[in-house]
Protein chains: 2
Amino acid sequence: MTVSLKDVAERAGVSIKTVSNVVNNYRHVTPAMRERVRRAIDELGYRPNLTARHLRKGRTGIIALAVPELGNPYFAELAGAVIDAAAAHEYTVLLDHTGGSREREILVSQGFRAQVIDGLILSPIELEAEDLRGRDQDAPLVLLGERAYDLPYDHIAIDNVAAARTAVRHLLGLGRSRIAFLGARTDRINEPSHLRLRGWRTELTAAGLPAPDTLVAPTGGWGHADGATAMARLLDSGERPDAVFAYNDLIAIGAMRVLAERGLRVPRDVAVVGFDDVTEGRYGTVSLTTISPDKHTIARLAVASVVERLRAGGAVPEDAEAGGGAGRGRELRVSFRLVERESTRGGG
Amino acid sequence: MTVSLKDVAERAGVSIKTVSNVVNNYRHVTPAMRERVRRAIDELGYRPNLTARHLRKGRTGIIALAVPELGNPYFAELAGAVIDAAAAHEYTVLLDHTGGSREREILVSQGFRAQVIDGLILSPIELEAEDLRGRDQDAPLVLLGERAYDLPYDHIAIDNVAAARTAVRHLLGLGRSRIAFLGARTDRINEPSHLRLRGWRTELTAAGLPAPDTLVAPTGGWGHADGATAMARLLDSGERPDAVFAYNDLIAIGAMRVLAERGLRVPRDVAVVGFDDVTEGRYGTVSLTTISPDKHTIARLAVASVVERLRAGGAVPEDAEAGGGAGRGRELRVSFRLVERESTRGGG
DNA sequence: TTGAAAGCGCTAACAG
DNA sequence: CTGTTAGCGCTTTCAA
């Protein structure tokens, strides 16, 4: 069935090694020889067996990307960018989703599906530092997103506090003063929305404004529905914010929907700023002002980090300590920008 | 570094075979023996090397899913469903995107990244039957989506003509008669939007209405921007449709945006129906009526098809012909339903 | 019920 | 420049 090196070797009347040399483009092969082998390869339709190659080399050429939820376009778009970035290094991407649950995140980080992978890019939500401390995988791990741990793994993210402050400052600059925050998660100590919430609070305080908890609306998740629910609850509580800063675009869009239902106009009555810059935000009836992280750079850096460590034999590039978990992790900051659209500037 | 079967065997003082038996849960192993081996495994932290196992068994446990574009939430949501469906069979999913280009689709179908995969689920756009005819891969292939080929591969899709007719009938039932179709692709013979366009035409004709080409707006792609552009062009041409049936939700949403900009109200002036039922459609200022394909069933059937053929040694299950490409492909129809929302029913 | 040994397809020393 | 050989970690006859 399968054509192996051996078959090609026999056909060409040379040794296996020679065929291997040709396949791997080694120098020091006579053009004639090379040609002869090439022909045999074509005739037999030989294709190298990557599994075997990788068993031998100890690498598979596959890196895994685990995100909370593919249904969130931010992660879908990011995944696309990672696939492309990986392809540039001749790596293939295995995609997994965790639903943002700690259990699944631990499983993934421990190599649940990972015995076949060379490295892992993980975007955690509920994962705690301790969950990673005992990690005995030699596959390099790179962490993405808001959560930061003091652990020997590279961490790639935008400056979430600064980004949140930028968003709030924009709103303040528009003359808004009762700015709500949608999308806090208060169910655990190291809450994921931590930094953006802090940015919101800090900027308000810096402006001499109060940042009351009554303006903070927690959500159970990060989808449209969660934003809608949170917005409705906030309104029902009697609050009358003149602006909303949402944890992400989906929450913002869900909130805008409720605002419209209640007869509040965006941005006239309530200005709205999201986070992520998903395509969807550009095409609503009222397009969404948002914080736009540089997804492509995030993807590129994440893949580069994995590839670097792989080349270094699993060590952190900077210092030469051994093992995928040794050394200090780097904090890689990616740029972001505020994209102003109708939800803060519009005629509505 | 890595702990192998051999290490465990030595530690437990038994042969490799015995350890293997324990790991693979074979019967005929004394409980005592099993216990002894288990302990050695735990002590050493042994984890089976899948690459080696798969080299031996000729399977990798990975199936690939190739979609046009992850940025389109339909495919992102579908990908999530496929990952889950595959997990139920203990398969992992390798994700790739083709951008809908024929070249990339051919590459993928020929196993561009596929030497590591056991099977492939492909959602083609531009691929032609001839591109698949010479496929010499033994990895089972399953095709998804609107394009149908008379080839020995299972094809899973909803009845696109019937779905389109359902959408148009709904619009007709609302008293609309000038129903535009947005999202035709006219740049190739076997155009991807073929079936939905045909459904539109057929239903109009059946109702005794004209289906003029002037009401058909081609698009270059399938995103929001394409829908917006097409809608604008249609309006600029002087057409005044009282309803729009779009190739997909993204196009519909892009169109609604333009409609709003032009001061046309949905659904009062123009009713809109999309296709795909992406989450986004539920949360616009005007929620979108759409055709909702059963994504989970599509995912489940696709994975099941691959797994079946794999079990059958690559043959099409029904008949016993050999080879991944032998036999007739099955046409698997998945159900869909019309979800009525504000873009056709609403108060707007 | 368990052990010994062959070999999946490939790469990498080491010879020649 | 090319051939021989060992072995990656595992499963699987075949014996014991």
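Quick caveat, the model's predicted, so the values are computed rather than measured. Note on naming: letters A, B, ... go to the chains in the order of the sequence lines (proteins, then strands), and numbering restarts at 1 for each one. All heavy atoms count here, side chains included; hydrogens, waters and symmetry mates do not.
- One can place CG of B/Leu55 at 13 Å from P of D/dC8, the figure rounded to the nearest angstrom.
- Across all strands shown, B/Arg56 has heavy atoms under 4.0 Å from base atoms, whether or not it also approaches the sugar-phosphate.
- Here the C1' atom of nucleotide D/dG3 and the OH atom of A/Tyr26 are 15 Å apart, to the nearest Å.
- You'll find the side chain of B/Ser109 reaches within 4.5 Å of the side chain of B/Leu132, heavy atoms only.
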Inset, instruction - Would you sort out whether B/Val116 and A/Val116 count as a side-chain contact (heavy atoms from CB on, under 4.5 Å), showing the intermediate values? - result: CA-CA 10 Å; B/Val116 248; A/Val116 251; over 6 Å; no

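- The closest side-chain heavy-atom distance from A/Arg11 to A/Tyr46 is not below 4.5 Å.
- For B/Glu90, there are no salt bridge (charged side-chain N to carboxylate O under 4.0 Å, His left out) partners two or more places apart in sequence or in a different chain.
- Each end of the helix from C/dT1-D/dA16 to C/dG16-D/dC1 yields a helix axis from five base pairs, and these two axes differ in direction by 40° (to the nearest 10 degrees).
- Side-chain atoms of B/Gln110 and B/Asp131, non-hydrogen and from C-beta on, never get closer than 4.5 Å to each other.
- B/Tyr149 is listed as a side-chain neighbour of B/Leu127, based on a closest heavy-atom distance under 4.5 Å.
- A straight line from CG of A/Leu5 to P of D/dG3 spans 13 Å, rounded to a whole angstrom.
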Contacts table for residues 18-25 of chain B: side-chain donor-acceptor under 3.5 angstrom, sequence neighbours left out:
{"unit_1": "B/Thr18", "atom_1": "OG1", "unit_2": "B/Ser15", "atom_2": "OG", "d": "3.4"}
{"unit_1": "B/Ser20", "atom_1": "OG", "unit_2": "B/Asn24", "atom_2": "ND2", "d": "3.3"}
{"unit_1": "B/Asn21", "atom_1": "OD1", "unit_2": "B/Lys17", "atom_2": "NZ", "d": "3.0"}
{"unit_1": "B/Asn24", "atom_1": "ND2", "unit_2": "B/Ser20", "atom_2": "O", "d": "2.8"}

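- Residue B/Arg47 contributes atom CZ, which lies 16 Å from atom C1' of D/dC10 at whole-angstrom precision.
- Only A/Val14, A/Ser15, A/Lys17, A/Thr18, listed by number, bring a heavy atom of residues 9-23 of chain A to less than 4.0 angstrom from any atom of DNA chain D.
- A 4.5 Å side-chain heavy-atom check between B/Arg311 and B/Glu308 finds every atom pair outside the cut-off.
- For DNA chain C, the span of nucleotides reached by chain A at under 4.0 Å from its heavy atoms goes, 5' to 3', from C/dG9 to C/dA13.
- Residues B/Leu151 and B/Leu143 have side chains not in contact (no heavy-atom distance under 4.5 Å, counting atoms from C-beta outward).
- Salt bridge annotation for A/Glu69-A/Arg104: absent, with no cationic side-chain nitrogen under 4.0 angstrom from a carboxylate oxygen.
- Using a 4.5 Å heavy-atom threshold, the side chains of B/Asp154 and B/Arg309 count as touching.
- At a non-hydrogen distance threshold of 4.0 Å, B/His28, B/Val29, B/Thr30, B/Met33 from residues 28-41 of chain B come into contact with DNA chain C.
- Here the P atom of nucleotide D/dG3 and the NZ atom of A/Lys6 are 16 Å apart, to the nearest Å.
- When each of A/Glu331, A/Arg147, A/Arg330 is paired with A/His155, the side-chain hydrogen bond (donor to acceptor under 3.5 Å, both in side chains) condition holds for A/Glu331 and for no other.
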Legend entry - Stepwise side-chain contact (heavy atoms from CB on, under 4.5 Å) test for B/Asp96 and A/Ile83: CA-CA 7 Å; B/Asp96 209 347; A/Ile83 289 175; 3.8 Å; yes

